[in-house]
Amino acid sequence: MLDPPATSRPSAPAPARRLGEEVRASLVYVRDTIEITRGDHDLLDAWILTAALDANMATVMRDPALMVVYGGAAESAPDDLRRPVSVNAVAQSLVLPFETVRRRVLRLAREGLCVVGPQGVVVPNGAVTTDAYRVQMQARSDRARRFHHDLKAIGALATDESAPAGAGPPPLRALNWALSEYVLRACNDLIALTGALIASRVLLELVVANIEALAAEDLPAWARDPAATGQAARTAGLARSLRVPAETVRRHLNGLEAQGFCLRRADGWVAAAPPDAPPRLVAMAQANHANLKRLFTRLRQLGALAVWEAEA
(Lines give C-alpha, C1' and ligand atoms only; values in the text may rest on other atoms or scores of the structure.)
Protein backbone atom coordinates (compact mmCIF):
# COMPACT_ATOMS: atom_id res chain seq x y z
CA MET A 1 0.00 0.00 0.00
CA LEU A 2 1.29 3.43 -0.91
CA ASP A 3 1.83 5.97 1.81
CA PRO A 4 -0.64 8.88 1.74
CA PRO A 5 0.79 12.15 0.42
CA ALA A 6 2.60 14.24 3.01
CA THR A 7 -0.04 16.97 2.82
CA SER A 8 -2.68 14.56 4.13
CA ARG A 9 -0.76 13.71 7.30
CA PRO A 10 -1.54 15.53 10.55
CA SER A 11 0.80 18.45 11.24
CA ALA A 12 1.22 17.48 14.91
CA PRO A 13 1.05 14.21 16.88
CA ALA A 14 -2.30 13.22 18.38
CA PRO A 15 -2.57 14.27 22.05
CA ALA A 16 -2.40 10.70 23.38
CA ARG A 17 0.67 9.92 21.30
CA ARG A 18 2.36 13.19 22.23
CA LEU A 19 1.69 12.61 25.92
CA GLY A 20 3.12 9.11 25.60
CA GLU A 21 6.26 10.47 23.96
CA GLU A 22 6.53 13.16 26.64
CA VAL A 23 6.29 10.59 29.42
CA ARG A 24 8.84 8.34 27.74
CA ALA A 25 11.31 11.17 27.14
CA SER A 26 10.89 12.27 30.77
CA LEU A 27 11.45 8.79 32.21
CA VAL A 28 14.57 8.22 30.11
CA TYR A 29 15.89 11.66 31.07
CA VAL A 30 15.27 11.04 34.78
CA ARG A 31 16.95 7.62 34.55
CA ASP A 32 19.99 9.06 32.77
CA THR A 33 20.33 11.97 35.18
CA ILE A 34 20.16 9.65 38.18
CA GLU A 35 23.03 7.65 36.70
CA ILE A 36 25.09 10.76 35.90
CA THR A 37 24.61 12.01 39.46
CA ARG A 38 25.37 8.60 40.90
CA GLY A 39 28.76 8.34 39.19
CA ASP A 40 30.79 5.67 40.99
CA HIS A 41 28.76 5.93 44.20
CA ASP A 42 26.42 3.35 45.63
CA LEU A 43 22.86 4.12 44.55
CA LEU A 44 21.57 4.91 48.05
CA ASP A 45 24.63 7.02 48.91
CA ALA A 46 24.15 9.16 45.81
CA TRP A 47 20.46 9.68 46.59
CA ILE A 48 21.21 10.64 50.20
CA LEU A 49 23.87 13.16 49.15
CA THR A 50 21.60 14.67 46.49
CA ALA A 51 18.69 15.07 48.92
CA ALA A 52 20.98 16.60 51.56
CA LEU A 53 22.62 19.01 49.10
CA ASP A 54 19.26 20.12 47.74
CA ALA A 55 18.11 20.94 51.30
CA ASN A 56 21.43 22.63 52.12
CA MET A 57 21.12 25.00 49.18
CA ALA A 58 17.49 26.01 49.70
CA THR A 59 18.41 29.37 51.24
CA VAL A 60 20.74 30.24 48.37
CA MET A 61 18.27 29.12 45.71
CA ARG A 62 15.55 31.37 47.14
CA ASP A 63 17.75 34.49 47.19
CA PRO A 64 18.23 36.12 43.74
CA ALA A 65 21.32 38.02 44.91
CA LEU A 66 22.99 34.85 46.18
CA MET A 67 22.02 33.03 42.99
CA VAL A 68 23.92 35.62 40.96
CA VAL A 69 27.04 35.22 43.10
CA TYR A 70 27.04 31.44 43.54
CA GLY A 71 25.05 30.13 40.58
CA GLY A 72 27.99 29.95 38.18
CA ALA A 73 30.46 27.12 37.69
CA ALA A 74 33.44 28.73 39.44
CA GLU A 75 32.03 29.62 42.85
CA SER A 76 29.88 27.65 45.24
CA ALA A 77 28.21 28.94 48.37
CA PRO A 78 30.42 28.83 51.50
CA ASP A 79 29.50 26.38 54.21
CA ASP A 80 28.02 29.04 56.48
CA LEU A 81 25.31 29.70 53.87
CA ARG A 82 24.36 26.03 53.63
CA ARG A 83 21.35 25.11 55.73
CA PRO A 84 21.92 21.85 57.66
CA VAL A 85 19.32 19.13 57.24
CA SER A 86 18.56 16.49 59.83
CA VAL A 87 19.16 12.81 59.13
CA ASN A 88 15.50 12.21 59.93
CA ALA A 89 14.39 14.73 57.28
CA VAL A 90 16.55 13.04 54.64
CA ALA A 91 15.23 9.62 55.66
CA GLN A 92 11.62 10.78 55.47
CA SER A 93 12.08 12.48 52.09
CA LEU A 94 13.51 9.27 50.61
CA VAL A 95 11.21 6.87 52.52
CA LEU A 96 14.25 5.13 54.03
CA PRO A 97 14.75 3.79 57.55
CA PHE A 98 16.35 6.36 59.84
CA GLU A 99 19.10 3.94 60.90
CA THR A 100 20.00 3.17 57.28
CA VAL A 101 20.46 6.86 56.50
CA ARG A 102 22.29 7.58 59.76
CA ARG A 103 24.76 4.76 59.19
CA ARG A 104 25.44 5.79 55.61
CA VAL A 105 25.77 9.49 56.47
CA LEU A 106 28.41 8.69 59.08
CA ARG A 107 30.38 6.68 56.53
CA LEU A 108 30.05 9.43 53.91
CA ALA A 109 31.29 11.91 56.52
CA ARG A 110 34.39 9.77 57.10
CA GLU A 111 34.98 9.90 53.33
CA GLY A 112 34.75 13.72 53.37
CA LEU A 113 31.57 13.90 51.29
CA CYS A 114 29.45 15.45 54.03
CA VAL A 115 29.80 16.96 57.50
CA VAL A 116 27.61 15.99 60.44
CA GLY A 117 27.09 18.62 63.13
CA PRO A 118 24.65 19.41 65.94
CA GLN A 119 22.19 20.98 63.48
CA GLY A 120 22.35 18.21 60.92
CA VAL A 121 24.10 17.20 57.70
CA VAL A 122 25.89 19.52 55.28
CA VAL A 123 27.46 18.65 51.94
CA PRO A 124 30.40 21.07 52.13
CA ASN A 125 31.77 23.48 49.58
CA GLY A 126 34.83 21.32 49.08
CA ALA A 127 32.74 18.36 47.94
CA VAL A 128 31.13 20.30 45.07
CA THR A 129 34.06 22.35 43.79
CA THR A 130 36.25 19.52 42.52
CA ASP A 131 37.04 19.03 38.84
CA ALA A 132 35.11 15.76 38.91
CA TYR A 133 32.01 17.49 40.24
CA ARG A 134 32.24 20.20 37.55
CA VAL A 135 32.41 17.48 34.90
CA GLN A 136 29.30 15.94 36.43
CA MET A 137 27.45 19.28 36.36
CA GLN A 138 28.34 19.74 32.70
CA ALA A 139 27.18 16.20 31.90
CA ARG A 140 23.79 16.92 33.52
CA SER A 141 23.54 20.14 31.53
CA ASP A 142 24.37 18.33 28.28
CA ARG A 143 21.74 15.68 29.02
CA ALA A 144 19.15 18.38 29.74
CA ARG A 145 19.98 20.02 26.40
CA ARG A 146 19.21 16.72 24.64
CA PHE A 147 16.01 16.42 26.68
CA HIS A 148 14.97 19.89 25.52
CA HIS A 149 15.69 18.88 21.92
CA ASP A 150 13.65 15.68 22.28
CA LEU A 151 10.65 17.53 23.74
CA LYS A 152 10.80 20.17 21.02
CA ALA A 153 10.91 17.46 18.36
CA ILE A 154 7.65 15.89 19.56
CA GLY A 155 5.90 19.24 20.04
CA ALA A 156 5.73 18.94 23.83
CA LEU A 157 7.06 22.46 24.49
CA ALA A 158 4.96 25.52 23.77
CA THR A 159 6.42 28.11 21.43
CA ASP A 160 6.73 30.64 24.27
CA GLU A 161 9.20 28.28 25.95
CA SER A 162 11.83 29.27 23.40
CA ALA A 163 14.02 32.27 24.08
CA PRO A 164 15.85 35.00 22.18
CA ALA A 165 19.61 34.70 21.86
CA GLY A 166 21.46 35.78 24.98
CA ALA A 167 25.04 36.54 25.90
CA GLY A 168 27.33 33.90 27.38
CA PRO A 169 26.67 30.46 28.83
CA PRO A 170 23.99 29.95 31.49
CA PRO A 171 25.11 29.77 35.15
CA LEU A 172 26.00 26.10 35.49
CA ARG A 173 25.27 25.58 39.19
CA ALA A 174 21.96 27.39 39.06
CA LEU A 175 21.00 25.34 36.03
CA ASN A 176 21.89 22.15 37.90
CA TRP A 177 19.79 23.24 40.89
CA ALA A 178 16.78 23.60 38.59
CA LEU A 179 17.43 20.18 37.04
CA SER A 180 17.85 18.59 40.47
CA GLU A 181 14.53 20.00 41.64
CA TYR A 182 12.72 18.46 38.67
CA VAL A 183 14.41 15.06 39.02
CA LEU A 184 13.76 14.91 42.77
CA ARG A 185 10.08 15.71 42.20
CA ALA A 186 9.83 12.90 39.66
CA CYS A 187 11.65 10.48 41.97
CA ASN A 188 9.42 11.40 44.91
CA ASP A 189 6.35 10.60 42.80
CA LEU A 190 7.81 7.21 41.88
CA ILE A 191 8.73 6.46 45.49
CA ALA A 192 5.21 7.38 46.59
CA LEU A 193 3.84 4.99 43.96
CA THR A 194 5.80 1.94 45.11
CA GLY A 195 6.46 2.89 48.74
CA ALA A 196 10.20 2.16 48.51
CA LEU A 197 13.17 3.95 46.96
CA ILE A 198 15.09 1.04 45.45
CA ALA A 199 11.89 -0.61 44.24
CA SER A 200 10.95 2.63 42.49
CA ARG A 201 14.37 2.72 40.78
CA VAL A 202 13.96 -0.89 39.63
CA LEU A 203 10.47 -0.10 38.31
CA LEU A 204 11.81 2.96 36.47
CA GLU A 205 14.51 0.85 34.81
CA LEU A 206 11.96 -1.80 33.88
CA VAL A 207 9.55 0.71 32.33
CA VAL A 208 12.35 2.33 30.33
CA ALA A 209 13.49 -1.08 29.09
CA ASN A 210 9.90 -1.93 28.11
CA ILE A 211 9.20 1.24 26.12
CA GLU A 212 12.49 2.78 25.00
CA ALA A 213 12.43 1.03 21.61
CA LEU A 214 8.65 1.17 21.03
CA ALA A 215 7.40 3.11 18.03
CA ALA A 216 5.68 6.35 19.00
CA GLU A 217 2.34 5.13 17.65
CA ASP A 218 2.51 2.14 20.02
CA LEU A 219 2.84 4.24 23.19
CA PRO A 220 -0.92 4.90 23.65
CA ALA A 221 -1.52 1.14 23.46
CA TRP A 222 1.23 0.60 26.02
CA ALA A 223 -0.42 3.14 28.32
CA ARG A 224 -3.70 1.22 28.08
CA ASP A 225 -2.13 -2.22 28.64
CA PRO A 226 1.59 -2.05 29.49
CA ALA A 227 1.90 -5.77 30.24
CA ALA A 228 0.65 -6.72 26.76
CA THR A 229 2.59 -4.10 24.77
CA GLY A 230 5.90 -3.59 26.57
CA GLN A 231 9.09 -5.25 25.37
CA ALA A 232 10.16 -7.67 28.09
CA ALA A 233 13.40 -7.26 30.04
CA ARG A 234 15.55 -9.93 31.64
CA THR A 235 16.68 -9.74 35.25
CA ALA A 236 20.35 -9.89 34.26
CA GLY A 237 19.97 -7.00 31.83
CA LEU A 238 18.25 -4.85 34.43
CA ALA A 239 20.97 -5.69 36.95
CA ARG A 240 23.67 -4.57 34.51
CA SER A 241 21.88 -1.29 33.84
CA LEU A 242 21.31 -0.66 37.54
CA ARG A 243 24.81 -1.83 38.53
CA VAL A 244 23.46 -3.93 41.38
CA PRO A 245 23.44 -7.71 41.97
CA ALA A 246 20.88 -9.70 40.00
CA GLU A 247 19.52 -11.12 43.25
CA THR A 248 18.73 -7.59 44.47
CA VAL A 249 16.82 -6.87 41.25
CA ARG A 250 15.01 -10.20 41.43
CA ARG A 251 13.92 -9.57 45.02
CA HIS A 252 12.50 -6.15 44.16
CA LEU A 253 10.80 -7.44 41.00
CA ASN A 254 9.09 -10.11 43.07
CA GLY A 255 7.92 -7.43 45.50
CA LEU A 256 6.68 -5.23 42.65
CA GLU A 257 4.88 -8.22 41.15
CA ALA A 258 3.10 -8.78 44.46
CA GLN A 259 1.98 -5.13 44.34
CA GLY A 260 0.77 -5.56 40.75
CA PHE A 261 3.37 -3.25 39.17
CA CYS A 262 5.01 -5.91 37.00
CA LEU A 263 4.62 -9.48 35.88
CA ARG A 264 6.82 -12.20 34.53
CA ARG A 265 6.25 -13.39 30.97
CA ALA A 266 8.02 -16.28 29.26
CA ASP A 267 10.39 -13.78 27.61
CA GLY A 268 11.08 -11.69 30.73
CA TRP A 269 9.58 -8.99 32.94
CA VAL A 270 7.13 -6.27 31.92
CA ALA A 271 5.67 -3.39 33.88
CA ALA A 272 1.98 -3.56 34.71
CA ALA A 273 -0.68 -1.39 36.31
CA PRO A 274 -2.59 -2.60 39.39
CA PRO A 275 -6.36 -2.21 39.12
CA ASP A 276 -6.40 0.89 41.34
CA ALA A 277 -3.33 2.51 39.74
CA PRO A 278 -4.62 4.19 36.52
CA PRO A 279 -5.96 7.35 38.23
CA ARG A 280 -2.65 7.74 40.10
CA LEU A 281 -0.66 7.21 36.90
CA VAL A 282 -2.74 9.79 35.05
CA ALA A 283 -2.19 12.23 37.92
CA MET A 284 1.55 11.54 37.76
CA ALA A 285 1.61 12.26 34.01
CA GLN A 286 -0.28 15.51 34.58
CA ALA A 287 2.05 16.48 37.43
CA ASN A 288 5.05 15.72 35.23
CA HIS A 289 3.66 18.00 32.51
CA ALA A 290 3.31 20.83 35.03
CA ASN A 291 6.78 20.16 36.43
CA LEU A 292 8.23 20.26 32.91
CA LYS A 293 6.64 23.63 32.32
CA ARG A 294 8.09 24.89 35.60
CA LEU A 295 11.52 23.49 34.73
CA PHE A 296 11.73 25.02 31.28
CA THR A 297 10.39 28.35 32.49
CA ARG A 298 13.29 28.39 34.95
CA LEU A 299 15.80 27.32 32.32
CA ARG A 300 14.56 30.07 30.02
CA GLN A 301 15.05 32.63 32.81
CA LEU A 302 18.60 31.34 33.33
CA GLY A 303 19.37 31.79 29.63
CA ALA A 304 19.90 28.08 28.95
CA LEU A 305 17.23 27.81 26.24
CA ALA A 306 18.71 30.72 24.32
CA VAL A 307 22.09 29.01 24.22
CA TRP A 308 20.62 25.62 23.31
CA GLU A 309 18.47 27.10 20.55
CA ALA A 310 21.49 28.92 19.12
CA GLU A 311 23.54 25.71 19.18
CA ALA A 312 20.75 23.82 17.47
Side-chain angles (χ1 to χ4, degrees), residues 13-36 38 43 143 146-147 150-151 153-154 156 183 186-289 292:
R17 173 176 162 177
R18 185 168 60 244
L19 181 60
E21 291 183 278
E22 177 181 294
V23 168
R24 175 167 64 182
S26 300
L27 292 173
V28 175
Y29 167 73
V30 169
R31 188 275 308 272
D32 291 350
T33 303
I34 289 172
E35 287 304 299
I36 292 169
R38 177 183 176 184
L43 181 58
R143 184 60 184 88
R146 298 204 315 273
F147 185 36
D150 293 343
L151 292 175
I154 63 176
V183 171
C187 290
N188 287 341
D189 285 346
L190 286 169
I191 293 169
L193 185 68
T194 65
L197 187 151
I198 299 298
S200 72
R201 179 67 185 90
V202 172
L203 181 59
L204 171 61
E205 196 68 33
L206 177 62
V207 171
V208 169
N210 290 167
I211 68 174
E212 195 165 18
L214 284 183
E217 57 267 24
D218 293 332
L219 290 172
W222 173 82
R224 290 191 296 271
D225 191 353
T229 310
Q231 299 188 359
R234 297 287 187 181
T235 302
L238 294 171
R240 284 193 298 271
S241 298
L242 291 163
R243 293 183 284 159
V244 298
E247 183 52 41
T248 299
V249 175
R250 187 175 296 108
R251 184 175 69 253
H252 286 290
L253 287 171
N254 287 333
L256 289 166
E257 185 179 33
Q259 291 180 277
F261 284 113
C262 68
L263 59 86
R264 188 178 354 213
R265 295 194 319 213
D267 55 346
W269 291 90
V270 288
D276 62 342
R280 298 165 65 193
L281 297 174
V282 170
M284 286 175 63
Q286 293 171 339
N288 179 66
H289 185 77
L292 284 176

Q: Say whether, by atom type as modelled, one donor and one acceptor occur between the side chain of Arg146 and the main chain of Tyr29 under 3.5 angstrom.
A: no
Q: If every non-hydrogen atom of Gln231 is compared with every non-hydrogen atom of Asn210, which pair is closest and at what distance?
A: O-ND2, 2.8 Å
Q: Are Leu193 and Leu203 packed together at the side-chain level, in the sense that at least one heavy-atom pair is separated by less than 4.5 angstrom?
A: yes
Q: Please evaluate residues Val270 and Trp222 with respect to the criterion side-chain contact (heavy atoms from CB on, under 4.5 Å), reporting the C-alpha separation (whole Å), side-chain torsions for both, the decisive distance (0.1 Å), and the verdict.
A: CA-CA 11 Å; Val270 288; Trp222 173 82; over 6 Å; no
Q: For a quick test of reading the model, state the closest non-hydrogen atom pair linking Ala285 to Val23 and the distance between them.
A: CB-CG2, 4.2 Å
Q: Decide, yes or no, whether a salt bridge links Arg38 with Glu35 under the criterion of side-chain N to carboxylate O below 4.0 Å.
A: yes
Q: Go through the steps for Arg250 and Leu253 under the test side-chain contact (heavy atoms from CB on, under 4.5 Å), then give the verdict.
A: CA-CA 5 Å; Arg250 187 175 296 108; Leu253 287 171; 5.6 Å; no
Q: Quick check: are there more than 12 heavy atoms from other residues, nucleotides or ligands sitting under 6.0 Å from CZ of Arg240?
A: no
Q: Roughly how far apart are Leu27 CG and Ile211 CD1, rounded to 0.5 Å?
A: 5.5 Å
Q: Can you name the nearest heavy-atom pair linking Leu238 to Ala209, along with the distance?
A: CD2-CB, 4.2 Å
Q: Testing the basics here: between Pro226 and Ala272, what is the closest heavy-atom pair and its distance to 0.1 Å?
A: CG-CA, 4.0 Å
Q: What heavy-atom pair brings Leu214 and Arg24 nearest, and what distance separates the two atoms?
A: O-NH1, 2.5 Å
Q: Taking all atoms of both residues into account, what is the closest heavy-atom pair of Asp218 and Thr229, and its distance?
A: O-CG2, 4.0 Å
Q: Are the side chains of Phe147 and Leu292 in touch, meaning some heavy atoms are under 4.5 Å apart?
A: yes
Q: Using the rule given for salt bridge (Lys or Arg N to Asp or Glu O under 4.0 Å), can you reason through Glu205 versus Arg201, listing the C-alpha separation, both sets of side-chain angles and the distance that settles it, and then say yes or no?
A: CA-CA 6 Å; Glu205 196 68 33; Arg201 179 67 185 90; 2.8 Å; yes
Q: Using side-chain contact (heavy atoms from CB on, under 4.5 Å), reason through Cys187 and Val30 one step at a time and then give a plain yes or no.
A: CA-CA 8 Å; Cys187 290; Val30 169; 4.2 Å; yes
Q: With Pro274, which residues qualify under side chain to side chain contact (heavy atoms under 4.5 Å, CB included), at least two apart?
A: Phe261, Asp276, Ala277
Q: To the nearest 0.5 Å, what is the distance between NE2 on His252 and CD on Glu247?
A: 10.0 Å
Q: Are any of the side-chain heavy atoms of Arg31 and Ile34 separated by less than 4.5 Å?
A: no
Q: Would a 4.5 Å heavy-atom cut-off, applied to side chains only, mark Glu21 and Asp150 as touching?
A: no
Q: What's the separation between atom NE2 in His289 and atom CE in Met284, rounded to the nearest 0.5 Å?
A: 16.0 Å
Q: Is Glu22 salt-bridged to Arg18, going by a charged N under 4.0 Å from an acidic O?
A: no
Q: Looking at Val249, Thr248, Asn254, which one forms a side chain to side chain contact (heavy atoms under 4.5 Å, CB included) with Arg251?
A: Thr248
Q: Roughly how far, to the nearest 0.5 Å, is the CG atom of Asp189 from the CZ atom of Arg280?
A: 10.5 Å
Q: Any heavy-atom pair between the side chains of Leu43 and Arg243 that's under 4.5 Å?
A: no
